[in-house]
Amino acid sequence: MHVVVLGAGLLGVTTAYYLAREGHQVTVIDRQKEPARETSYANAGLLTPGHAYAWASPRAPMILLKSLWREDTALRWRLKFDPGMWAWGLKFLANCTAARNRANTVIKVRLCSYSLAETAAVTAETGITWDRSQSGALYLYRDPDHFRAGKENFKLLAAEGVEAKTMDAEELASFEPSLAGVKDRFAGAIHTPHDESGDARKFTLALAEVCRARGVTFELGAGIRRINRNGDHITGVETDHGPIVGDAYVLALGSYSPLLTRPIGLKLPIYPVKGYSVTLPIADAETAPTHFGVDEANLVAFARLGDRLRLTATADFAGYDTSFEPQDFVHMLRVARELFPRAAAYDRPEYWACLRPMTPDGPPIMGRSPIANLWLNTGHGHIGWTMACGSSRIVVDRMLGRKPEIDDAPFLLSRY
Ligand SMILES: Cc1cc2nc3c(=O)[nH]c(=O)nc-3n(C[C@H](O)[C@H](O)[C@H](O)COP(=O)(O)OP(=O)(O)OC[C@H]3O[C@@H](n4cnc5c(N)ncnc54)[C@H](O)[C@@H]3O)c2cc1C
């Protein structure tokens, strides 16, 4: 079978890997000159079943509402005339009940845990390196009530097998010595020992090399202009390099997926949610964090990736704009300077912004589409690095007529 994979981000390249492993002919198409140049380029780097909570929650509507007149919220809604945003927003609101939030979180954490094991298996099979850390994540709480609520919420993930240890500020200071000087600012922390971190771009590039060695063709710098449909079949894709035809097609275009499928009559409820990251060289390894994690009060994630410190924050509901200004990074840099004042070269920031492909309920859209030879692997939102290997394994298992190792019914497009 010749499979054409649309998109060379985390999801496209991992799909290509599993297909090539089974001996199939694979062509991967991307408009960028190398894999992982868009959302998979500089994410927070966390592989965290311990952070698999669905964003649509009872608290989310108020946070979004406040963001209309405040700049300092972690989720920011920008009012604009965008029917796609409003249609998506209504579906998001419908998922903001406590019951839907719990159900969506459980679906996500099962996929995350499965995927973490698959990421380890792919890494062992291929020998690729990606600045991996297996120190476990630290979720930091400043306020005692927030800490109590965090522990209460965690019970849902614990029931799904995610291990955690809680610690007070004193224990935190000896567990993560880089925070000893600011321990008084914290009520406590949750440590999830099996969460991991690493550079998603390095992983994707290294896996793409493995794919190439196994005969996968990468058609890069080839913008996809149109997908051609005839009846219930895809007949090819039109690219800047001309038409490309295969037997089956896997859509892994991240936030851009709905733009390419709308003209062929397939509506995908995915909306781009912009996030920002800054990467800094480590200046003083002694004071750099040994664990990765999240400052839950500020929703700033931090991870040491080899000799760099990566910080990320903010979710802007503002359409397909990927521009950024230095002021977009002030909040996360302020938090990092407070926590790790000497760890990084704060005068050498590398800024980045990109779009999380968010579904309104949270779980990605994977598996069969209503078009016979088109498969979906998209909409992984804020946690697509964690979910990538598991998702692609599931999609490829289904393509080859095998039953996936976890229940994939919750990921089908037909749930909408
Ligand atoms: C700030 C931020 C922090 C994050 N942190 C984490 C984290 O810590 N842990 C985690 O698990 N996840 C994280 N994520 C989410 C994760 O990065 C994404 O879910 C994941 O990268 C999505 O991968 P993808 O392959 O679907 O999309 P992409 O990486 O965007 O790949 C899609 C590809 O499609 C190509 N493409 C699009 N349109 C066309 C076209 N017309 N023609 C040709 N090619 C096209 C693009 O060039 C791109 O390469 C974060 C995201 C953001 C924004």
Side-chain angles (χ1 to χ4, degrees), residues 5-16 28-52 108 111-112 115-116 119 137 195-201 203-204 208 218-227 237-241 244 250-261 270 272-278 292-294 299-303 305 310-316 320 322 324 328-329 332 352-359 364-366 376-392:
V5 178
L6 281 55
L10 273 163
L11 275 303
V13 171
T14 48
T15 304
V28 183
I29 311 173
D30 202 287
R31 61 185 170 195
Q32 300 289 348
K33 292 273 188 256
E34 64 172 22
R37 281 304 298 191
E38 298 206 0
T39 307
S40 306
Y41 181 74
N43 65 22
L46 312 186
L47 292 131
T48 45
H51 219 239
K108 286 176 68 191
L111 176 57
C112 286
S115 194
L116 196 58
T119 311
D195 283 354
E196 300 190 12
S197 72
D199 188 327
R201 174 177 178 241
F203 175 92
T204 313
F218 281 85
E219 201 65 58
L220 297 174
I224 300 165
R225 298 172 180 180
R226 200 172 58 228
I227 301 174
V237 289
E238 304 288 336
T239 77
D240 295 343
H241 297 176
I244 297 179
V250 181
L251 183 89
L253 293 171
S255 294
Y256 298 85
S257 302
L259 306 187
L260 270 295
T261 60
I270 293 171
V273 181
K274 188 174 171 182
Y276 302 81
S277 76
V278 57
F292 50 93
V294 181
L299 287 178
V300 172
F302 55 90
L305 303 172
R310 169 83 44 84
L311 310 165
T312 64
T314 318
D316 271 342
Y320 281 90
T322 55
F324 52 84
D328 294 315
F329 304 87
M332 66 183 97
W352 182 251
C354 50
L355 305 172
R356 302 173 182 90
M358 294 294 292
T359 59
I365 301 172
M366 289 152 39
L376 306 171
N377 196 5
T378 184
H380 293 75
H382 70 108
I383 197 156
W385 173 206
T386 312
M387 289 174 168
C389 286
S391 299
S392 299

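Atoms considered below: every heavy atom in the structure, side chains included; atoms not considered: hydrogens, waters and symmetry mates. Whatever order the structure lists them in is the order used to number ligands and atoms, beginning at 1.
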Provide, to 0.1 Å, the distance between [atom] and the closest protein heavy atom, together with that atom's residue and name.
atom                    : result
atom 44 (N) of ligand 1 : R31 N, 3.1 Å
atom 4 (C) of ligand 1  : N43 CB, 3.3 Å
atom 3 (C) of ligand 1  : A44 N, 3.5 Å
atom 40 (C) of ligand 1 : I224 N, 3.7 Å
atom 47 (O) of ligand 1 : D30 OD1, 2.7 Å
atom 31 (O) of ligand 1 : G9 CA, 3.4 Å

So for A301, does at least one of its heavy atoms come nearer than 4.0 angstrom to any atom of ligand 1?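 Per 4.0 Å heavy-atom rule, A301 does not contact ligand 1.
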Please state which option from [options] has its nearest heavy atom closest to [atom].
atom                    : options               : value
atom 2 (C) of ligand 1  : R225, R356, M332      : R356
atom 12 (N) of ligand 1 : E219, H382, E38, R37  : H382
atom 19 (O) of ligand 1 : G275, C354, G381, G12 : G381
atom 34 (O) of ligand 1 : T15, L253, T386       : L253

In short, T378 meets S257 closest at the heavy-atom pair OG1-OG, 2.8 Å
Closest heavy-atom pair, F292 versus E196, reported as atoms and distance to 0.1 Å, is CZ-C, 3.2 Å
Show me which atoms of ligand 1 lie under 4.0 Å from any heavy atom of [X].
X    : answer
Q32  : 47 (O)
S40  : 20 (C), 21 (O), 23 (O), 25 (O), 28 (P), 29 (O)
L260 : 41 (N)
A252 : 32 (C)
Y256 : 37 (C), 38 (N)
Y276 : 1 (C)
G223 : 42 (N), 43 (C)
G254 : 26 (O), 27 (O), 32 (C)

Check: [Y] main-chain N/O paired with [X] side-chain donor or acceptor under 3.5 Å:
X    : Y    : answer
W385 : A44  : no
R31  : L220 : no
T39  : C354 : no

Residue pairs meeting salt bridge (Lys or Arg N to Asp or Glu O under 4.0 Å), one or both in residues 6-15, sequence neighbours left out, come to none
List in chain and number order the residues that pass ring pair (Phe, Tyr, Trp, His ring centres under 6.0 Å) with F329, two or more places apart in sequence or in another chain; answer none if no residue qualifies. Y276, F324, Y351
Approximate separation, where rounding is to 0.5 Å, of [X] [atom1] and [Y] [atom2]:
X    : Y    : atom1 : atom2 : answer
Y41  : Q32  : OH    : CD    : 10.5 Å
E38  : W352 : CD    : CH2   : 7.5 Å
I383 : K108 : CD1   : NZ    : 5.5 Å
L259 : L253 : CG    : CG    : 9.0 Å

Ligand 1 contact on [X] by region, counting heavy-atom pairs under 4.0 Å:
X    : result
S277 : neither
W385 : both
A222 : backbone
A36  : neither

Could you walk me through whether M366 and H380 pass the side chain to side chain contact (heavy atoms under 4.5 Å, CB included) test, one step at a time? CA-CA 9 Å; M366 289 152 39; H380 293 75; 3.9 Å; yes
Would you check whether [X] has a nitrogen or oxygen atom less than 3.5 angstrom from a nitrogen or oxygen atom of ligand 1?
X    : value
G384 : yes
L11  : yes
L46  : yes
L10  : yes

For L10, which of T15, T204, N377 qualifies under side chain to side chain contact (heavy atoms under 4.5 Å, CB included)? T204
Evaluate the criterion side chain to side chain contact (heavy atoms under 4.5 Å, CB included) for residue pair L260 and L6; output intermediate values, then yes/no. CA-CA 10 Å; L260 270 295; L6 281 55; 6.0 Å; no
Is there a side chain to side chain contact (heavy atoms under 4.5 Å, CB included) between V294 and L46 once you walk through the steps? CA-CA 10 Å; V294 181; L46 312 186; 4.0 Å; yes
Determine whether T119 and F203 satisfy the following criterion, side chain to side chain contact (heavy atoms under 4.5 Å, CB included), listing intermediate values before the conclusion. CA-CA 10 Å; T119 311; F203 175 92; 4.0 Å; yes
